[in-house]
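In this chain, residues are counted from 1 in sequence order. Computed from heavy atoms alone, side chains included, the values below leave out hydrogens, waters and symmetry copies.
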Amino acid sequence: MLPVWSLFVLGWQQPPASAPLPREISLSERGLKTKAVYDAFEFNFKRSEKDIRREIQDILQAYQKHPVSYSMWLSWVMTAQVRYKDREGAMATARRLVDQFHELNMDWVLDDDATKVVGEWPEFREMQKALEAKRASELRKLNPLSIGLDPDANRTRLAEMRLRDPMQVYRTLKNWNLYDQPKRTGAWIMRTIRAAQPVNRYSLPQQYLVYIPKGYRATRPHRALTYLYGGWMSASQTRPFWHQMHLSDNPFFSPNNLLDASNLIQIYPLNQPGADPVKPGGGSVYADILADAKSYLNIDDSRCYMAGFSDGGTATFELARENPTDYAALFPMNGYPLFRRNLRNLGERPLISYSGVEDDLYPIASIRKVYGVAAKRNTKWEAVEVKGVGHDSLYYQDSVVPDILRRMDKETRNPLPSAIVLEGAENEPTRRDWLQIVKVDPGMAAADWHDEWKILGKTSEDKPAMEIILNQGQGMVKAQYENNIFKLSTSRVSQVKLFLHPDMVDLSREVEVVVNGVSRFKGKVELSAQYIWRGFSERFDRQALWAAELVVPTA
């Protein structure tokens with residue numbers, strides 16, 4: 001859920017003339033036609049039974065042409081059919097749900113006094129039993145071993161390594177290419193991992209789906225997209241597992257499979273209770289999931305991306321702010337950039353957001369205000385406004401998704417930039433590439449160059465304005481490296497961590513770290529084969545393969 005104050009419509013001056021303006025895209029002609037038909041449906045039980053029965057027929061006809069697009073209407077159709085005692089029609093609709101999506105979660109129907117009779121129908125109970133068997137069969141198909149893929153093979157190979165020289169270990173892992181070819185591609189598989197959650201301080205089981213495109217070849221690296229669906233942050237329990245239902249909420253796959261055409265691996269986390277990416281450190285679960293997928297699929301480290309819709313879009317914004325290290329670019333769709341500290345970090349990686357102009361959940365006016373503030377901080381955030389749609393990804397396959405795929409063709413990750421600017425807050429883990437803010441001291445005076453800036457918000461004209469100071473008490477680091485020397489300027493930061501890579505520095509020579517004009521470290525960095533091996537076994541990142549780290553006090 002969003003903080004209460006973040007729902008306030010903000011007041012802020014317009015960005016300067018030099019700031020980029022939001023870009024607009026429109027739905028395709030096909031998308032507009034689909035939307036027109038979809039918008040014509042208006043289920044309202046206050047209307048006459050005759051009108052509702054006519055609309056039921058219209059929905060079922062539309063469903064025959066676009067079964068995925070109109071699937072959500074089936075549950076309403078079934079509710080109406082039960083209310084009007086059309087038992088045969090209700091069971092036919094239930095079968096459509098099961099056949100197309102393996103979906104028969106009717107708890108919300110059974111709680112309705114007018115429709116709870118469904119649970120007493122013998123044919124309904126028989127369908128539930130059959131569905132359980134169908135789910136079990138589906139789970140067996142999603143087992144990686146069913147397509148001849150052993151996801152633990154590379155971890156076994158790593159455990160058997162006997163190399164001791166650090167640079168030999170580094171060269172071996174940098175060129176790692178021991179990936180097994182599945183016997184079948186164009187298939188979904190499912191994995192469960194134990195993801196460390198800094199928020200909850202315990203290891204949490206996390207499930208995720210992976211699509212292996214038909215063109216996948218284990219001998220070469222492939223692009224990978226992590227996609228986060230919507231509607232789960234405030235849920236009290238995990239969305240029940242129905243494979244087809246999940247995929248119907250995936251504009252990269254439904255109604256048409258664009259993953260094969262793009263030869264794109266897709267990672268689809270099934271968000272669990274307790275995995276809260278909008279809390280500090282919560283987004284680390286997605287890094288754990290990506291690392292696990294990299295352990296058995298040949299994924300290009302420089303071309304990993306994240307996209308998400310609604311709650312998934314909000315989580316994508318948060319990851320861009322907190323730690324986008326694993327990704328080349330991030331694409332929130334109808335997400336909300338939370339008004340929290342460290343907004344300066346938004347867009348340090350290319351960040352392209354998509355917002356429906358008619359979105360009534362996350363109003364476009366608020367998105368524009370935040371974008372204007374971020375634009376003044378010279379971030380790489382690019383805002384795109386989708387005309388004619390609200391808070392709905394149903395029509396995005398013909399407009400937004402192609403735009404995302406084009407941007408993915410242009411963006412690659414550079415994990416070794418020569419300079420980084422990073423903001424961090426107390427007790428919030430913040431990192432980008434080779435720089436991590438370890439400790440922030442909000443009691444310290446801010447540096448002269450570290451400006452504090454404000455957003456003013458108000459609930460209505462007759463209530464006083466609320467002042468939000470976004471960087472009050474937060475720290476900031478400006479860092480760069482050249483010729484084995486790191487130069488850092490810090491504000492309210494008492495400790496940083498630097499990750500060293502052989503392509504950044506010559507580790508046979510001394511490394512120096514200068515903080516605010518004072519040398520805080522100078523000497524040779526001891527290499528450890530175990531450190532390099534452990535880092536790779538955790539992240540399976542051949543590009544950002546860190547050889548050593550330095551923890552440096554700033555004062």
Let me confirm one number: the [atom1]-[atom2] distance from [X] to [Y], rounded to the nearest 0.5 Å.
| X | Y | atom1 | atom2 | value |
| --- | --- | --- | --- | --- |
| Leu500 | Leu416 | CG | CG | 10.5 Å |
| Tyr179 | Leu149 | OH | CG | 11.5 Å |
| Tyr327 | Leu319 | OH | CG | 5.5 Å |
| Asn345 | Gln474 | CG | CD | 8.0 Å |
| Arg23 | Glu385 | CZ | CD | 11.0 Å |
| Arg223 | Ser302 | CZ | OG | 11.0 Å |

Is a side-chain donor or acceptor of [X] paired with a backbone partner of [Y] at a separation under 3.5 angstrom?
| X | Y | result |
| --- | --- | --- |
| Asn334 | Gly313 | no |
| Asn484 | Asp506 | yes |
| Ser489 | Lys478 | no |
| His450 | Thr490 | no |
| Asp301 | Gln543 | yes |
| Tyr211 | Phe253 | no |
| Arg407 | Ile352 | no |
| Arg520 | Val513 | no |
| Ser146 | Lys141 | yes |
| Gln397 | Ser254 | yes |

So do the side chains of [X] and [Y] get within less than 4.5 Å of each other, counting heavy atoms only?
| X | Y | value |
| --- | --- | --- |
| Val552 | Phe486 | no |
| Pro251 | Tyr227 | yes |
| Phe331 | Tyr354 | yes |
| Lys183 | Ile147 | no |
| Ile267 | Tyr286 | no |
| Thr316 | Thr314 | no |

- prompt: Between Trp381 and Ser353, does any side-chain donor sit less than 3.5 Å from a side-chain acceptor?
  reply: yes

Charged N to carboxylate O under 4.0 angstrom, [X] versus [Y]?
| X | Y | value |
| --- | --- | --- |
| Asp433 | Arg413 | no |
| Asp541 | Lys174 | no |
| Asp409 | Arg406 | no |
| Arg157 | Glu160 | no |

Just wondering, more than 12 heavy atoms not from [X] lying within 6.0 Å of its [atom1]?
| X | atom1 | result |
| --- | --- | --- |
| Asp448 | CG | no |
| Glu482 | CD | no |
| Glu526 | CD | no |

Could you report the tightest heavy-atom contact between [X] and [Y], atom names first, then the distance?
| X | Y | value |
| --- | --- | --- |
| Arg542 | Leu173 | CG-O, 3.5 Å |
| Ala529 | Val169 | CB-CG2, 3.9 Å |
| Val438 | Val496 | CG2-C, 3.7 Å |
| Leu330 | Arg349 | CD1-CB, 3.8 Å |
| Arg432 | Thr325 | CA-OG1, 3.4 Å |
| Ile437 | Gly424 | CD1-N, 3.6 Å |

- request: May I have the step-by-step check of salt bridge (charged side-chain N to carboxylate O under 4.0 Å, His left out) for Lys294 and Asp326, ending in yes or no?
  value: CA-CA 11 Å; Lys294 283 183 176 182; Asp326 293 306; 5.0 Å; no

Could you give the side-chain donor-acceptor pairs of residues 212-220 under 3.5 Å, partners two or more places apart or in another chain?
{"residue": "Tyr216", "atom": "OH", "partner": "Asn298", "partner atom": "N", "Å": "2.9"}
{"residue": "Arg217", "atom": "NH1", "partner": "Lys214", "partner atom": "O", "Å": "3.3"}

query: Under 6.0 Å between ring centres, would you say that holds for Tyr268 and Tyr229?
result: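 Ring-ring flag for Tyr268/Tyr229: true, centres closer than 6.0 Å.
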
- request: Describe, in one word, how the ring planes of Trp434 and Tyr481 are oriented to each other, choosing from parallel (under 30°), tilted (30 to 60°) and perpendicular (over 60°).
  value: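 The rings of Trp434 and Tyr481 stand perpendicular, inter-plane angle above 60°.
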
- prompt: salt bridge (charged side-chain N to carboxylate O under 4.0 Å, His left out) between Arg155 and Asp292: does it pass, once the steps are laid out?
  reply: CA-CA 10 Å; Arg155 298 193 184 279; Asp292 188 66; 3.6 Å; yes

message: Quick one, Asp288 with Arg539, criterion salt bridge (charged side-chain N to carboxylate O under 4.0 Å, His left out). Give me CA distance, side-chain angles, the key distance, then yes/no.
response: CA-CA 7 Å; Asp288 293 340; Arg539 308 258 56 96; 3.4 Å; yes

task: Walk me through it: do Leu178 and Asn154 pass the test side chain to side chain contact (heavy atoms under 4.5 Å, CB included)?
output: CA-CA 7 Å; Leu178 301 177; Asn154 267 340; 3.8 Å; yes

- prompt: With a cut-off of under 6.0 Å to the ring centre and 45° to the axis, is Arg431 in cation-pi contact with Phe499?
  reply: yes

